Amino acid sequence: MTQRSPFPVLPYLLALLFACAALIALWYGIGRPVVLPDAATPTHKLQCASYTPFGKHQSPFDKPLRIDSAQIDTDFTQLAKRFDCVRTYSMTGLEAVPELARKHGLKVMLGAWVNANPVDTQTEVDALVQSANVNADVVTAVIVGNESLLRKEVTGKRLAQLVGEVKAQVKQPVTYADVWEFWLKHPEVAPAVDFITIHLLPYWEDDPSGIEQALDKVANVRQTFGKTYDKDILIGETGWPSEGRQRETAVPSRVNEALFIRGFVHMAEANGWHYNLIEAFDQPWKRESEGAVGGYWGLFDADRQDKGVLAGPVSNLPNWPFWLGLSGLLAAAALVLSGRPASSRAAMLLPVTAAIGGACIAGWAELATITSRFLGEWLWTAALLALNVIVLAHAALALSARRGWRERLFAWLEARGGWWLASAGFAGAVLMLGLVFDARYRSFPSMALLLPALVYLYRPVSGPRRELTLLMWIIALGIVPQLALEGLFNLQAIGWAATSLLLVGALWRGVSQRT
């Protein structure tokens with residue numbers, strides 16, 4: 001009977017200690033609270049915030065659209081503690097806003113949605129005029145259209161006509177709201193309005209500004225408009241996203257949102273600017289048209305919980321202990337599955353491999369809670385999670401002193417190793433094509449494929465040669481264009497490029513195994 005070698009306790013424990021410390025450092029580093037100066041004292045109310053009433057599972061595209069007045073009432077109870085006013089964008093479904101605003105001591109900048117459908121537009125405008133006249137004590141201004149020129153749904157001439165029609169019927173000042181460049185592109189609109197409403201969103205600029213330059217960008221544009229137009233200027237939208245993909249140097253995060261909002265409020269108050277922050281609450285429905293980032297501009301989340309944007313310490317991941325715990329449980333499961341390491345070298349690699357696997361699986365799951373909205377997206381997420389669990393089990397058992405059921409399970413996984421690699425390659429090719437040809441609203445999914453790339457690069461498995469070769473070339477040829485699109489300062493893009501390069505190496509080694 002063959003005697004088993006002694007359990008390599010010391011290298012195993014040292015590697016386990018290192019792995020635990022690395023997991024704690026990873027998740028605490030992401031979620032640690034950051035202390036910043038507050039936007040204002042609790043007794044000082046901010047000027048205005050964009051308000052749309054939709055909750056986590058609601059959308060303006062729901063038919064028929066029904067917004068419970070009690071929901072708006074609850075929202076206004078919360079907003080009235082921090083703001084003097086709310087800005088709305090549409091009349092449909094929001095008919096109760098002025099009455100409820102009056103109840104809570106809020107003023108309203110009332111908006112009508114202007115689009116390419118003249119019937120819908122006229123319905124909105126008629127409702128806007130009626131509500132403004134009935135609620136003159138609450139409605140301080142009316143906004144005829146929001147970014148209609150940006151969407152190319154109306155002409156500047158038609159927009160000016162609509163503004164003129166509304167001005168003739170209401171006593172409040174009338175404006176139109178759009179991204180600042182479109183005021184310069186359509187000079188016929190400015191003479192028609194009583195004041196100019198510009199949107200300043202440095203994240204969405206064609207040349208995005210990083211958080212360090214974002215406030216300077218806002219200040220420069222606001223000062224230019226103040227000198228260019230002999231009319232009051234309202235910064236009708238400004239803010240920063242708390243989640244989503246990086247654009248060049250512009251990184252969405254809760255800390256960056258707080259940095260921007262708090263810095264902007266101090267700057268605006270010091271300069272006497274009129275402003276409206278976007279937005280009161282996260283709007284997950286916007287992910288459908290704007291990607292993950294569209295749903296996370298709120299000062300409060302979709303559950304109406306404080307995100308820490310305005311005051312107090314702020315964390316990029318407040319529930320980081322949960323993700324740390326999940327990573328640890330996954331790593332522990334891998335270690336239990338593997339059992340006794342095969343050698344002293346395996347004893348050092350096992351805890352590290354388990355920690356990497358746990359971090360990747362938890363990291364991909366955390367990203368999926370931000371990016372996934374529809375059934376198809378959740379199924380894609382689940383498929384990649386399952387692949388990562390299989391790969392982690394395969395890697396753990398490869399380092400194990402296998403006997404009995406462990407040997408049989410490993411043999412089953414090993415026989416299908418080429419298909420696990422091919423599945424990772426297929427996912428990588430699909431994701432790379434999306435990021436090259438339709439990148440604007442896609443997040444970088446590095447955590448979904450980092451584990452398979454590392455495992456099968458270190459320990460190659462053979463697979464279907466033609467398929468692996470094709471997938472390898474699709475991914476490889478996308479790396480440079482994808483980096484060129486994103487810029488060399490986009491760390492998320494660089495992370496994806498590095499993961500892709502590792503996956504290319506794993507696929508190449510898989511092809512080489514068959515030659």
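Since this is a predicted model, take the numbers as computed values, not measurements.
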Would you call the rings of Tyr176 and Trp183 parallel, tilted or perpendicular, taking 30° and 60° as the class edges?
tilted
Taking every heavy atom of Ala258 against every heavy atom of Leu36, the minimum-distance pair comes out as CB-CD1, 3.9 Å
Determine whether a donor-acceptor pair (N or O, by modelled atom type, separation under 3.5 Å) exists between the side chain of Gln71 and the backbone of Ile67.
no
His44 to Glu269 - nearest heavy-atom pair and separation
NE2-OE2, 3.5 Å
Look only at the side chain of Thr369 and the backbone of Glu366, and say whether a donor-acceptor pair between them is shorter than 3.5 Å.
yes
So, the side chain of His266 versus the backbone of Asp38: is there a donor-acceptor pair under 3.5 Å, distance only?
yes
Look at the side chain of Asp303 and the backbone N and O of Gln305, then say whether any donor-acceptor pair between them is shorter than 3.5 Å.
no
Counting distance only, does the side-chain N/O of Ser253 pair as donor-acceptor with the main-chain N or O of Asn316 below 3.5 Å?
no
Side-chain (Ser242) to main-chain (Tyr296) donor-acceptor, under 3.5 angstrom:
yes
Ring center gap for Tyr89 and Trp113 short of 6.0 angstrom:
no
Any chance the side chains of Asn276 and Ser50 put a donor and an acceptor closer than 3.5 Å?
yes
With the side chain counted from C-beta on, respond yes when Leu384 and Leu449 share a heavy-atom pair under 4.5 Å apart, and no when they do not.
yes
Given Glu279, Glu243, Glu257, the one that forms salt bridge (Lys or Arg N to Asp or Glu O under 4.0 Å) with Lys307
Glu257
Any donor-acceptor N/O pair, Ser446 side chain to Trp496 backbone, under 3.5 Å:
yes
Ring centres of Phe76 and Tyr51 under 6.0 Å apart?
yes
side-chain contact (heavy atoms from CB on, under 4.5 Å), that's the test. Do Asn490 and Arg247 meet it? Break it down for me.
CA-CA 7 Å; Asn490 187 328; Arg247 296 188 69 232; 5.7 Å; no
Leu387 vs Val391, side-chain contact (heavy atoms from CB on, under 4.5 Å): CA-CA, chis, key distance, verdict
CA-CA 6 Å; Leu387 175 63; Val391 172; 4.1 Å; yes
Give a yes or no on whether the backbone of Ile211 and the side-chain of Asn256 come within a donor-acceptor separation of less than 3.5 Å.
no
Measuring only between side-chain heavy atoms, which start at C-beta, is Met267 closer than 4.5 Å to Val218?
yes
Please determine if Arg245 and Glu486 form a salt bridge, counting it only when a charged side-chain N lies under 4.0 Å from a carboxylate O.
yes
Inspect the contact between Glu377 and Arg442 and indicate whether a charged nitrogen and a carboxylate oxygen are less than 4.0 angstrom apart.
no
Test Thr52 against every option in Arg87, Gln283, Gln58 by the side-chain hydrogen bond (donor to acceptor under 3.5 Å, both in side chains) rule and name the one that passes.
Gln283
Asn135 side chain to Ser131 main-chain N or O, any donor-acceptor pair under 3.5 Å?
yes
Within the side chain of Thr88, is there an N or O that forms a donor-acceptor pair under 3.5 Å with the backbone of Gly111?
yes
Salt bridge or not between Lys107 and Asp84? Use side-chain N to carboxylate O under 4.0 Å.
no
